[in-house]
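A short write-up of the structure that comes next.
Counting from 1, the numbers follow the sequence of the chain as shown.
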Amino acid sequence: MAYRHWVWFADLRLSLRDKYALLNAFHDPQAIYEADAHMLAAEGVPLGLVKKLMENHSLESAEKTLRTCAEHGIELLTILDPRYPNRLRNIENPPVLLYTLGRIPDFDHTATVALVGTRKASKPAVEIAYNFAYEMAENEILVVSGMASGIDLAANQAAIAASGYTVAVLGCGVDVCYPTTSQLVYDQILRGNGCLISEYSPGTRPLGRNFPVRNRIISGLSMGVLVVAAPEKSGALITANLAADQGRDVFVVPGGINDKEFIGSNALIKQGAAPVTEISDIVEQYRERYPDFFHISQNY
C-alpha cells in the first residue's frame with residue numbers, strides 16, 4: 001500500500017466531506033494524486049477543489065512523516081485497512097488515516113467504554129473517575145480516554161493500575177506527550193499497557209482546535225461514554241453529544257445540584273443520559289447484551 005499517498009491526502013487542507021467525495025470517485029489517494037486536472041474535472045470535482053489539489057502536489061512532507069513513523073515505530077491505519085475499527089468507520093466523518101503507537105486492540109469485539117470529564121477536576125471527582133475506570137478494567141472493559149489532565153488522566157491511570165489495557169486518543173501527534181503531567185501514563189502505555197491513537201501526523205503540536213475534533217474518535221471507538229464531572233462548559237459535553245449522535249450509550253455520574261463541577265453532567269441526565277452510581281450499572285448491561293465480548297476482550 002502506498003502510504004505516502006495516504007499521508008499526503010490526509011494532510012490536505014480539505015474538509016472530510018470533500019475527501020470522501022474524492023475517495024468515492026477515485027477509490028484511493030494514489031489515483032487522486034495521479035489524476036490530472038482534466039481527469040478530476042471529468043469526475044465532477046469542483047474547479048476550486050481541482051485547483052487546491054494541483055497546488056498541493058508534493059510528496060516530500062509525506063515521505064518525511066513516514067521516516068518519522070519508521071523511527072518511532074508508529075503504525076498507520078487507513079480507512080480501507082481491515083484493522084480499522086468498524087465502529088469508528090461507521091460514524092459521520094471518520095478519520096481517513098490513523099496513527100497508532102502500541103498494539104491496537106480489536107475494538108469491534110471488545111467491550112469498550114470511554115470515560116471523560118473536566119480537566120480541572122476536584123480530588124473527589126478524580127477519585128470517582130479512578131474508581132469507575134479501575135472497576136471497568138477489572139471487569140474486562142477496555143477504557144478509552146484522552147489522557148488530558150483531571151478526569152481523563154485518572155481513567156487511563158486506573159485502567160493501567162488494574163492491569164487492564166487502555167487507549168488514549170490524542171489531540172496531537174502520537175509522538176508528543178501532552179500535557180507533560182501525563183508523561184508517566186504515556187510511558188506506561190508504550191511499555192505495553194495500551195495504545196495511543198491520533199489522526200494528526202507525528203510532530204503535530206496540541207493546538208486547542210484539535211481537541212473538540214478528536215472527541216468524535218473517543219466516542220466513535222466506544223460502545224458507550226461515561227461522563228464524570230462536566231461543568232456547564234466542558235469538552236466532555238461535546239464528547240457526550242457526539243456519542244448520542246453516533247448512537248452510543250451515554251452514562252453520567254450525577255452530582256449535587258449546587259456543585260458547579262456537575263452542572264453539565266446533571267443537564268445530560270435531564271436530556272436522557274443514564275445516571276450511574278456504581279460499576280454494575282454499566283457492566284451488567286454490556287454482559288447481557290454482548291456476553292461474548294467478555295470472553296475475548298483480554299486478547300489484545
Side-chain angles (χ1 to χ4, degrees), residues 1-108 169-175 195-204 207 209-210 213-221 242 245-246:
M1 180 179 289
Y3 279 122
R4 61 180 186 160
H5 293 102
W6 278 99
V7 175
W8 164 80
F9 184 63
D11 285 346
L12 288 174
R13 292 180 178 271
L14 305 177
S15 69
L16 281 169
R17 178 178 295 181
D18 284 340
K19 288 180 180 179
Y20 279 110
L22 288 166
L23 281 178
N24 286 335
F26 290 91
H27 307 297
D28 70 73
Q30 183 171 352
I32 297 168
Y33 179 83
E34 293 174 350
D36 60 25
H38 295 294
M39 293 171 65
L40 292 165
E43 288 292 337
V45 178
L47 182 60
L49 187 52
V50 171
K51 184 178 180 181
K52 285 183 180 180
L53 289 169
M54 294 298 100
E55 289 173 347
N56 294 275
H57 222 245
S58 171
L59 295 175
E60 183 177 347
S61 177
E63 289 168 346
K64 181 180 178 180
T65 293
L66 289 177
R67 288 194 294 270
T68 300
C69 289
E71 290 169 5
H72 292 272
I74 299 169
E75 290 191 68
L76 291 79
L77 283 181
T78 77
I79 190 72
L80 300 182
D81 193 310
R83 298 175 301 160
Y84 191 104
N86 278 324
R87 282 189 205 136
L88 185 61
R89 182 185 280 118
N90 292 328
I91 70 169
E92 183 178 2
N93 295 325
V96 297
L97 179 65
L98 292 173
Y99 296 92
T100 71
L101 262 179
R103 191 168 67 257
I104 191 164
D106 183 2
F107 286 102
D108 297 322
V169 182
L170 308 183
C172 53
V174 291
D175 59 335
C195 179
L196 302 166
I197 295 177
S198 178
E199 66 181 314
Y200 300 107
S201 58
T204 300
L207 301 177
R209 65 174 179 265
N210 295 353
V213 177
R214 70 88 194 259
N215 289 351
R216 81 191 193 287
I217 303 176
I218 292 176
S219 56
L221 289 170
L242 287 166
D245 290 343
Q246 293 166 353

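- Here the side chains of L88 and F107 are not in contact, with every heavy-atom distance at 4.5 Å or above.
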Give the intermediate values and the outcome of side-chain contact (heavy atoms from CB on, under 4.5 Å) for residues L14 and K52. CA-CA 9 Å; L14 305 177; K52 285 183 180 180; 3.6 Å; yes

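- Applying the 6.0 Å contact sphere to CD of E43 captures more than 12 heavy atoms from other residues, nucleotides or ligands.
- With a 4.5 Å cut-off on side-chain heavy atoms, T65 and P202 count as touching.
- Smallest separation of non-hydrogen atoms from C195 and I104: SG-CA, 3.9 Å.
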V213 vs E199, test: side-chain contact (heavy atoms from CB on, under 4.5 Å). Steps then yes/no. CA-CA 10 Å; V213 177; E199 66 181 314; 3.5 Å; yes

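- With hydrogens and angles disregarded, a donor-acceptor distance shorter than 3.5 Å links the side chain of W8 to the backbone of N56.
- Using modelled atom types, no side-chain atom of R87 and backbone atom of G220 make a donor-acceptor pair closer than 3.5 Å.
- Proximity of L66 to W6: side-chain heavy atoms (C-beta onward) are nowhere separated by under 4.5 Å.
- In this structure a side-chain-to-backbone donor-acceptor pair under 3.5 Å is missing from R89 to P94.
- Taking all atoms of both residues into account, the shortest heavy-atom contact from V50 to A41 is CG2-N, 4.4 Å.
- Rounding to the nearest 0.5 angstrom, the gap separating the CZ atom in R67 from the CD atom in E63 is 6.5 Å.
- Atom CD1 of I197 sits about 12.0 Å away from atom CZ of R214, to the nearest 0.5 Å.
- Within the 3.5 Å criterion, the main-chain N or O of Y99 finds no donor-acceptor partner in the side chain of S198.
- The neighbour count for E34 CD, taken as heavy atoms of other residues, nucleotides or ligands under 6.0 Å away, is above 12.
- Separating the CG atom in D108 from the CG atom in N86 is a distance of 4.5 Å, to the nearest 0.5 Å.
- Residues E92 and R216 have side chains not in contact (no heavy-atom distance under 4.5 Å, counting atoms from C-beta outward).
- Using a 4.5 Å heavy-atom threshold, the side chains of Y20 and V96 count as touching.
- Distance check, rounded to the nearest 0.5 Å: CG of L22 to CG of D28 gives 11.5 Å.
- Side chains of F26 and V45 form a contact here, defined as non-hydrogen atoms less than 4.5 Å apart.
- A distance-only check finds a donor-acceptor pair linking the side chain of K19 to the backbone of L12 [under 3.5 Å].
- R4 places no side-chain N or O within 3.5 Å of a backbone atom of L59 that could act as its donor or acceptor partner.
- Using a 4.5 Å heavy-atom cutoff, the side chains of Y200 and L207 are not in contact.
- The local environment of NE2 in H57 is crowded, with over 12 non-hydrogen atoms from other residues, nucleotides or ligands closer than 6.0 Å.
- Here I91 contributes atom CD1 and L242 contributes atom CG; the two are 8.0 Å apart, rounded to the nearest 0.5 Å.
- Tested against V174, the residues L101, T100, L98 include a single side-chain contact (heavy atoms from CB on, under 4.5 Å) partner, L101.
- For the atom pair CG (L97) and CG (L80), the distance works out to 10.5 Å, reported to the nearest 0.5 Å.
- D81 has its side chain out of reach of L76: every pair of non-hydrogen atoms, C-beta onward, lies at least 4.5 Å apart.
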